[in-house]
Amino acid sequence: MANFTAGRTRSFTRKPPVCPFCTGRATIDYKDAATLSQYLTSHGSIGSRHMTKACAKHQRAIARAIRRARFLALLPYASVHIWKTGGVGLSESRHRRS
């Protein structure tokens, strides 16, 4: 059989992720808990660089800001804390047993 793909190469290259902090679209501030919560996983851990699309410099700054916000009780340390306090989208009636 003839090879119809001979001479044609397919290369699917992804665009490199652009750091939102380098482009100036976002800022890092430990007091802004709503923005920092976007960089947490559903389990409450700090997201990786692959998930956050941040460069190494800004990923360290994100991690530092999240740790400061956790220390000041602006962000939870784990998803268990979210469940116990009843915050972040969990309805209280759903978890209450009668």
Side-chain angles (χ1 to χ4, degrees):
M1 284 192 50
N3 188 358
F4 293 105
T5 60
R8 287 187 278 162
T9 59
R10 287 187 172 190
S11 63
F12 295 102
T13 57
R14 281 193 285 169
K15 290 194 298 186
V18 178
C19 178
F21 304 103
C22 290
T23 58
R25 289 181 287 165
T27 57
I28 302 171
D29 186 17
Y30 71 94
K31 295 171 280 192
D32 190 9
T35 303
L36 290 177
S37 65
Q38 295 174 356
Y39 300 105
L40 294 175
T41 64
S42 60
H43 298 290
S45 62
I46 300 171
S48 64
R49 280 183 58 196
H50 180 73
M51 187 187 94
T52 62
K53 306 288 190 243
C55 63
K57 172 183 164 183
H58 289 113
Q59 180 66 25
R60 287 191 299 270
I62 289 170
R64 195 176 314 118
I66 288 174
R67 284 189 226 113
R68 284 180 183 166
R70 284 175 174 168
F71 181 77
L72 295 172
L74 300 175
L75 288 175
Y77 275 97
S79 59
V80 175
H81 297 133
I82 295 171
W83 182 78
K84 285 183 179 178
T85 58
V88 190
L90 294 176
S91 64
E92 195 172 310
S93 62
R94 188 171 134 198
H95 296 289
R96 185 177 291 166
R97 303 215 182 235
S98 298

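Because only heavy atoms are used, hydrogens play no part in the values below, and waters and symmetry mates are left out as well, while side chains stay in.
Arg70 has its side chain within reach of Ile46: a pair of non-hydrogen atoms, C-beta onward, lies under 4.5 Å apart.
Of all heavy-atom pairs spanning Leu75 and Ala33, the tightest one is CD2-O, 3.8 Å. Taking all atoms of both residues into account, the shortest heavy-atom contact from Cys55 to Cys19 is N-SG, 3.5 Å.
To the nearest 0.5 angstrom, Leu36 atom CG is 7.5 Å from Asp29 atom CG. Here the CD-OG distance, from Gln59 to Ser48, works out to 7.0 Å after rounding to the nearest 0.5 Å.
For the side chain to side chain donor-acceptor pair (under 3.5 Å) condition, the pairs that include at least one residue of residues 18-27, sequence neighbours left out, are Thr23-Arg25.
Phe71 and Tyr30 fall within a single hydrophobic cluster, where Ile, Leu, Val, Met, Phe, Trp and Tyr are joined by side-chain heavy atoms under 4.5 Å apart, directly or via other members.
Panel note: side chain Arg49, backbone Ala54; a donor-acceptor pair is recorded below 3.5 Å.
Under the side chain to side chain contact (heavy atoms under 4.5 Å, CB included) criterion, Tyr39 pairs with Pro20, Phe21, Thr35, Thr52, Ile62, Ile66, not counting sequence neighbours.
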